[in-house]
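Report on one structure; see the data block that follows.
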2 protein chains.
Amino acid sequence: MTELLWGKEPARTRGPKPAITLTAIAETGIAIADTEGLDAVSMQRIAGELPVTKMALYRYVPGKTELVAVMSDLAVGSPPDRADLPWREALRIWAIDLYDAFTRHPWLLQSTIGRRLLGPNELAWMERGVAALTGTGLSGGEQLDSILVITSHVRNIAQQSTTFPGHTTGLTEEDWQQSLAEILATEAARFPHLTTAMRTSAGSENQGLEFGLARILDGLELLISDRTG
Amino acid sequence: MTELLWGKEPARTRGPKPAITLTAIAETGIAIADTEGLDAVSMQRIAGELPVTKMALYRYVPGKTELVAVMSDLAVGSPPDRADLPWREALRIWAIDLYDAFTRHPWLLQSTIGRRLLGPNELAWMERGVAALTGTGLSGGEQLDSILVITSHVRNIAQQSTTFPGHTTGLTEEDWQQSLAEILATEAARFPHLTTAMRTSAGSENQGLEFGLARILDGLELLISDRTG
DNA sequence: CATTACTGTGTCCGGCGGACACAGTTACTC
DNA sequence: GAGTAACTGTGTCCGCCGGACACAGTAATG
């Protein structure tokens with residue numbers, strides 16, 4: 001598994017040449033997941049778009065779990081190379097880049113959750129985030145915790161704003177808003193603060209990413225100035 | 001669907017009495033999910049623990065998606081009733097209560113993602129969070145964004161720290177740490193900052209919730225004092 | 001008593017991940 | 001060159017999943 005993600009394949013000698021490659025499998029899976037959602041990715045489905053049968057895929061990958069891991073690391077890609085910036089601006093752009101990655105491949109939100117084996121690209125993202133915080137006086141643990149908070153925020157904003165193709169609860173933004181409005185209309189008495197908050201916020205949209213990011217970075221700045229000053 | 005979650009069932013008249021109840025179904029599902037993970041929850045499995053067959057369940061619930069929604073709202077439960085506190089302490093305790101709920105039912109992290117229909121309990125949590133921020137000078141949209149940031153943080157910390165029973169990548173915390181350490185050992189050159197951050201943070205554990213929470217609340221406090229002062 | 005509305009059951013379907021035995025292909029070794 | 005070992009792709013089979021559907025049994029209404 002680690003070998004798969006990190007590309008340590010043993011040199012092959014005898015036997016027929018493989019008809020396809022692991023990368024081709026992963027790319028096919030990514031294409032399907034992008035257009036039809038992660039649930040549409042099955043061994044059958046992938047094999048159908050390649051000149052092999054389903055079972056041949058198991059010569060390249062031990063199981064579906066590992067395939068999704070390879071797909072995920074390939075899809076996140078390398079973090080964009082940004083010029084040296086002060087930590088705050090560096091982290092802000094880093095967060096937006098990450099958001100873009102999740103927007104390009106919404107299924108990453110499903111596939112990259114919980115404890116899992118990390119691939120080189122995912123680690124590269126972490127590396128870049130931590131790198132932005134070196135020299136700020138924060139401890140290693142604090143640096144890791146900081147980029148974790150930012151990652152969490154980016155993930156959940158992306159989750160809220162992107163429409164999942166083919167996912168079970170395929171609600172459009174409008175449908176969702178409306179059903180929520182209906183509920184709040186009939187149950188306004190039980191949720192007074194929520195109702196007024198929703199009503200006064202109607203119309204202003206998609207500020208969530210910048211808003212939360214600004215709060216988190218403000219909080220970090222406070223801590224950093226405590227440490228350095 | 002909305003009717004199911006909000007308990008608006010039409011009065012039944014003729015015909016045999018139902019052998020079970022929707023609540024019993026949901027509770028059975030919750031018990032299974034708690035002990036064996038959400039993936040272990042299937043119609044067969046639930047019916048096996050109740051005096052009915054699989055297909056009888058469809059008399060109570062339209063499909064599995066809706067069942068999981070009912071399970072989720074039942075499992076989050078009502079937010080604990082806390083005394084009136086200043087907004088910062090109120091939100092802090094609110095976040096910890098939420099974390100506890102996710103810890104009690106780790107599968108909620110899987111089932112309550114993305115746009116979905118919200119049940120009364122979930123809305124009650126939101127209501128309480130927003131309520132803590134009324135009177136701080138924040139706009140409705142800002143209040144909602146604020147509790148969203150906190151929720152994101154709580155979720156991802158819970159995701160990282162809890163072990164998913166029966167989930168695909170059933171790695172223990174130690175196994176995960178070790179495999180990551182091995183990778184970093186062999187690839188240290190590619191991830192220098194990450195390597196040192198990891199090394200210096202070894203040992204200090206589980207500060208993630210409090211750390212991120214403190215940063216976010218600090219950032220909110222800054223904004224609020226801007227608004228009020 | 002007949003009708004009507006309702007509940008639970010059994011059977012069937014397509015699709016899923018995956019185990020396994022098998023046939024075909026290629027390169028190394030004698 | 002012949003044999004063999006290593007490797008690749010195929011077809012078949014299994015258990016499980018969510019769910020459609022027809023059907024039989026049951027309870028209240030007329």
Side-chain angles (χ1 to χ4, degrees), chain A residues 1 3-4 9-26 28-29 32-33 36-72 107 110-111 166-170, chain B residues 1 3-4 9-26 28-29 32-33 36-72 107 110-111 166-170:
Chain A
M1 181 58 208
E3 302 75 36
L4 269 190
E9 315 213 13
R12 309 173 180 286
T13 54
R14 308 193 198 184
K17 304 290 180 200
I20 53 180
T21 63
L22 173 60
T23 312
I25 297 176
T28 305
I32 296 172
E36 305 172 45
L38 191 58
D39 294 351
V41 176
S42 74
M43 295 309 219
Q44 303 258 29
R45 186 80 173 71
I46 292 179
E49 310 215 350
L50 290 172
V52 288
T53 60
K54 179 187 71 164
M55 290 315 292
L57 300 180
Y58 287 95
R59 297 285 177 195
Y60 299 82
V61 84
K64 188 173 182 189
T65 308
E66 292 80 0
L67 171 59
V68 173
V70 174
M71 282 171 55
S72 301
W107 51 272
Q110 300 170 246
S111 65
H167 197 250
T168 50
T169 63
Chain B
M1 180 57 208
E3 301 77 34
L4 269 191
E9 316 212 15
R12 307 173 181 288
T13 53
R14 310 193 196 184
K17 304 291 180 197
I20 54 179
T21 64
L22 173 59
T23 312
I25 297 175
T28 306
I32 297 172
E36 305 172 46
L38 192 58
D39 294 351
V41 176
S42 73
M43 296 309 217
Q44 302 258 31
R45 186 81 173 70
I46 292 179
E49 310 214 350
L50 290 171
V52 288
T53 60
K54 178 186 71 162
M55 290 315 293
L57 300 180
Y58 288 95
R59 298 285 178 192
Y60 300 83
V61 86
K64 188 173 182 190
T65 307
E66 292 80 0
L67 171 58
V68 173
V70 174
M71 281 172 54
S72 301
W107 50 273
Q110 299 169 247
S111 65
H167 196 249
T168 50
T169 63

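In the text below, chain A, chain B and the rest are named by the order of the sequence lines, each starting its count at 1. Atoms considered below: every heavy atom in the structure, side chains included; atoms not considered: hydrogens, waters and symmetry mates.
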Roughly how many Å is it from [atom1] in [X] to [atom2] in [N], rounded to a whole number?
X	N	atom1	atom2	answer
B:Ile46	D:dG19	CD1	P	12 Å
A:Arg45	C:dG14	CZ	P	19 Å
A:Leu38	C:dC16	CG	P	13 Å
A:Gln44	C:dG17	CD	P	7 Å
A:Lys54	C:dG14	NZ	C1'	13 Å
B:Leu22	C:dT7	CG	C1'	16 Å
B:Ile25	C:dT7	CD1	P	11 Å
B:Leu57	D:dC21	CG	P	18 Å

Problem set entry | Nearest heavy-atom neighbours spanning B:Ile46 and B:Gly29 |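 Scanning both residues completely, I find the closest heavy atoms to be CD1-CA, 4.0 Å.
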Problem set entry | Which atom of A:Ala19 lies closest to which atom of A:Val52, heavy atoms considered |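 So the minimum-distance heavy-atom pair works out to CB-CG1, 4.3 Å.
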Exercise. At under 4.0 Å between heavy atoms, what does A:Lys17 touch on the DNA or RNA strands: base, sugar-phosphate, or nothing?
Worked result: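 Here A:Lys17 touches the backbone only, sparing every base.
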For this session: Classify the nucleic acid contact of B:Val41 as base, sugar-phosphate or nothing, counting any heavy atom under 4.0 Å across all strands shown.
Result: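 Sugar-phosphate contact only.
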[X] side chain, from C-beta outward: closest of [options]:
X	options	value
A:Met55	D:dT10, C:dC16, D:dG18	D:dT10
B:Ala19	C:dG17, C:dG8, D:dA6	C:dG8
B:Arg59	D:dT8, C:dT9, C:dT26	C:dT9

Exercise. Given B:Asp39 and B:Gln110, is the side chain to side chain contact (heavy atoms under 4.5 Å, CB included) satisfied, shown in steps?
Worked result: CA-CA 10 Å; B:Asp39 294 351; B:Gln110 299 169 247; 4.1 Å; yes
Problem set entry | Distance test, side-chain N/O of A:Thr53 to OP1/OP2 of D:dG9, below 4.0 Å |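 Negative; the distance criterion is not met.
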Problem set entry | OP1 or OP2 of C:dC20 under 4.0 Å from side-chain N/O of A:Tyr58 |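 No, because none of the side-chain N or O atoms of A:Tyr58 sits under 4.0 Å from OP1 or OP2 of C:dC20.
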Exercise. For A:Ala56 and B:Ser42, take the nucleotide of DNA chain D holding the closest heavy atom to each; which residue's nucleotide lies nearer the 5' end?
Worked result: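 That would be A:Ala56.
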For this session: For B:Gly63 and for B:Pro16, find the nucleotide of DNA chain D with the closest heavy atom, then tell me which residue's nucleotide is more 5'.
Result: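 Checking each residue's closest nucleotide, the 5'-ward one belongs to B:Gly63.
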Problem set entry | hbond_proxy A:Lys64 side chain to C:dG18 base (donor-acceptor, 3.5 Å cutoff) |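 Looking at the base of C:dG18, it does not pair with any donor or acceptor on the side chain of A:Lys64 (distance under 3.5 Å).
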Problem set entry | No-H, no-angle donor-acceptor pair, A:Arg14 side chain to C:dT26 base, under 3.5 Å |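 Donor-acceptor pair under 3.5 Å: no.
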Problem set entry | Atom pair NZ/CE of B:Lys64 and B:Met71 - distance to nearest 0.5 Å |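 One gets 8.0 Å once the value is rounded to the nearest 0.5 Å.
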For this session: Rounded to the nearest 0.5 Å, what's the gap from NZ on B:Lys54 to CD on B:Gln44? Could you check?
Result: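 B:Lys54 atom NZ to B:Gln44 atom CD measures 5.0 Å (nearest 0.5 Å).
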